[in-house]
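Comments concern the structure below.
Letters A, B, ... mirror the listed sequences (proteins, then strands); counts begin at 1. What you see below is based on every heavy atom in this structure, not just the backbone, and it leaves out hydrogens, waters and symmetry mates. In this text, all values refer to a predicted model and were calculated from it rather than measured experimentally.
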Number of protein chains: 2
Amino acid sequence: MTVVRRKTAARKAAGRKTAKASVARAAAKPAKERILDAGEQLFARNGFYGVSVRDITKAAGVDVALVSYHFGGKRELFAAVFRRRAEMLNPERLGMLEQVRRNALPGVPALEDIVNAFTYPMLERSARGGAGWKSYFALVAQVNNSPEWGPVLMTEHFDPLVERFIAVMREALPGCDAREIYWGYQFLTGALTLTFAETGRIDKLSGGLCRSSDLDGVHQRLARYVAAGLRALCAGPAAAPQGKARSDMAANADACP
Amino acid sequence: MTVVRRKTAARKAAGRKTAKASVARAAAKPAKERILDAGEQLFARNGFYGVSVRDITKAAGVDVALVSYHFGGKRELFAAVFRRRAEMLNPERLGMLEQVRRNALPGVPALEDIVNAFTYPMLERSARGGAGWKSYFALVAQVNNSPEWGPVLMTEHFDPLVERFIAVMREALPGCDAREIYWGYQFLTGALTLTFAETGRIDKLSGGLCRSSDLDGVHQRLARYVAAGLRALCAGPAAAPQGKARSDMAANADACP
DNA sequence: GCATTTATTCAACATCCGCTGAATTATTTA
DNA sequence: TAAATAATTCAGCGGATGTTGAATAAATGC
């Protein structure tokens, strides 16, 4: 049965190569791009190891050998999927940051606006950029939390941008210890990426009151949340409220403030 | 300390067994537990699909067939790994929450204390509970951000606990729209789980100023951060601060289908 | 002590894995 | 048009995958 289907498919393709196929082919995206699209969708759903190149090429409607031909191998395809949209996205985020900065001159921008420049281009594309973008950000969510891929891909494609954002945050929070800002940024990234995962968990928890897909709702809340958190970190007691000499934990959970 | 306890436990078990049992065998944990330990470590590093049952049984030093025998299959092993420590952890977290509540009577507890009851038992075990606990929380970080596993495992093992925490948060934030609290909780979980992933990214970003493994530092900051964020959500304008009318920047996003 | 249940070992299965080389077709270049 | 390059197809390689059944060993129950 499988053989039969393969044969018919091959015959169809071979039969109308000249006239009809050219139209259908011309209308379709090039194979390389279709592989990227299919890989993006499937990697986002099941991770790198949860998807085979045969899954991807079948979804893309191309031959399995084309992954090695166009990208070199499965790992290189994964990296290419990750790189593609980062290169479209980050210039815009940086541009929005600089615009926020210019608009605030001669003062410093509000923390909310800085965070917003960081999150809005992503939230906007995940909400209204199409299925590819939504898959992409779900993939970012997994990569960011992966000990194997996070340190490699996130660092490579996002760290220069993040450093710039943190520098501007420091301008907006004069006198604040840099460590507080780094941790505040880490909390921001965690909150943002979990949002992109859109696991539907908040839907169930809230009984339908909130929806994972409501990225406009996130846009209305995240910057305010993070800005308040950062200010609290910078204002609060920098010194440790209690020593780290404690070794037993189960016995006295109440000793913790 | 752990070694001593293990030895005594093993001796007790060996006493019941025939003296002929080899020392190496008698000193080791039962195969089922060793499989759970090895699976925990490997799943945390490479995810469900990134690890084979042969990888796990080789690391555990047992035969490959024992996974099917003791657990039924690979997926069931994964679920068992996830369940094991959740069942040890959650009663303590709930107990800490109720204690915080009692201590605040007749008033309501501070938001910081509620968040702390949620995060502290996890941070404490990840920091000083041993390698198994650290692996476990790294696994939770991946599962929480996975569209495939998150809705199943997180919901099953953590939702009852989360609902209780959110109920107490609502007591502590009278008059606050429930949606703000659900979103605030979602941001908290995202920040917490990314912290558990310990990808080392903040180390690189901060030039060594912050360390991923500094969970005491997280403990000092996260509750304050989240409490401030939640208060800002509840106090702030519920309506959108700026409409979602497409700004000039959003126009660029239209190019992609 | 013997029977029964439980635990473990071993070999093998069918299937899928990523990747490749040779052949074929399509497109570009001269 | 002819040659050259690029893109695609096809069949198959060696190996890894999860799982299974039969045989063996160990522990337990009576």
Side-chain angles (χ1 to χ4, degrees), chain A residues 1-36 38-39 42-43 46-80, chain B residues 10 12-26 28-36 38-39 42-43 46-81:
Chain A
M1 178 178 170
T2 328
V3 180
V4 172
R5 277 172 63 182
R6 248 192 236 160
K7 256 189 188 170
T8 52
R11 284 221 169 270
K12 266 202 298 187
R16 52 172 175 178
K17 272 271 163 67
T18 48
K20 246 185 162 186
S22 71
V23 177
R25 275 285 188 72
K29 293 181 183 178
K32 193 171 179 180
E33 202 174 337
R34 304 180 67 195
I35 292 173
L36 283 170
L42 294 173
F43 284 142
N46 293 112
F48 177 75
Y49 298 108
V51 179
S52 70
V53 302
R54 283 177 172 84
D55 292 336
I56 295 170
T57 52
K58 189 186 296 181
V62 303
D63 190 272
V64 64
L66 287 182
V67 166
S68 290
Y69 176 77
H70 281 295
F71 299 95
K74 188 187 178 186
R75 299 186 90 87
E76 289 86 353
L77 167 60
F78 191 70
Chain B
K12 269 201 292 186
R16 281 187 258 108
K17 293 176 185 172
T18 60
K20 207 176 175 189
S22 78
V23 176
R25 274 283 197 70
K29 294 182 184 178
K32 193 170 178 180
E33 201 174 338
R34 305 181 66 197
I35 293 173
L36 284 170
L42 294 174
F43 284 141
N46 293 114
F48 177 76
Y49 298 107
V51 179
S52 70
V53 301
R54 282 176 174 84
D55 291 336
I56 295 170
T57 52
K58 188 185 297 180
V62 303
D63 190 271
V64 63
L66 288 183
V67 165
S68 290
Y69 176 76
H70 281 297
F71 299 95
K74 188 188 180 186
R75 298 186 91 89
E76 289 85 353
L77 167 60
F78 191 71
V81 166

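The stretch residues 49-56 of chain B touches DNA chain C through B:Arg54, each having a heavy atom within less than 4.0 Å of the strand. Across residues 57-73 of chain A, A:Asp63, A:Ala65, A:Leu66, A:Tyr69, A:His70 each have a non-hydrogen atom less than 4.0 Å from an atom of DNA chain D (numbered order).
At least one side-chain heavy atom of B:Leu36 sits less than 4.5 Å from a side-chain heavy atom of B:Leu77. Side-chain contact check for A:Tyr49 versus B:Val51: every heavy-atom pair is 4.5 Å or farther apart. B:Val81 has its side chain out of reach of B:Ile35: every pair of non-hydrogen atoms, C-beta onward, lies at least 4.5 Å apart.
The distance from atom NZ of A:Lys74 to atom C1' of C:dG18 is 8 Å, rounded to the nearest whole Å. One interatomic measurement links the two molecules: CD of B:Glu33 to C1' of C:dA7, which rounds to 16 Å at whole-angstrom precision. As a whole-Å value, the separation of A:Ile35 CD1 from D:dA7 P is 12 Å. Atom CD of A:Glu76 is separated from atom C1' of C:dG18 by 11 Å (rounded to the nearest Å). Atom pair B:Lys32:NZ and D:dA26:P shows a separation of 21 Å (rounding to whole Å applied).
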Show the atom names and distances, to 0.1 Å, of all donor-acceptor pairs under 3.5 Å that link a side chain in residues 57-72 of chain B to residues at least two apart or in another chain.
residue: B:Thr57; atom: OG1; partner: B:Val53; partner atom: O; Å: 2.9
residue: B:Thr57; atom: OG1; partner: B:Arg54; partner atom: O; Å: 3.3
residue: B:Asp63; atom: OD1; partner: B:Ala65; partner atom: N; Å: 2.9

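Aromatic ring orientation, B:Phe78 versus B:Phe43: perpendicular (interplanar angle above 60°, classes split at 30° and 60°).
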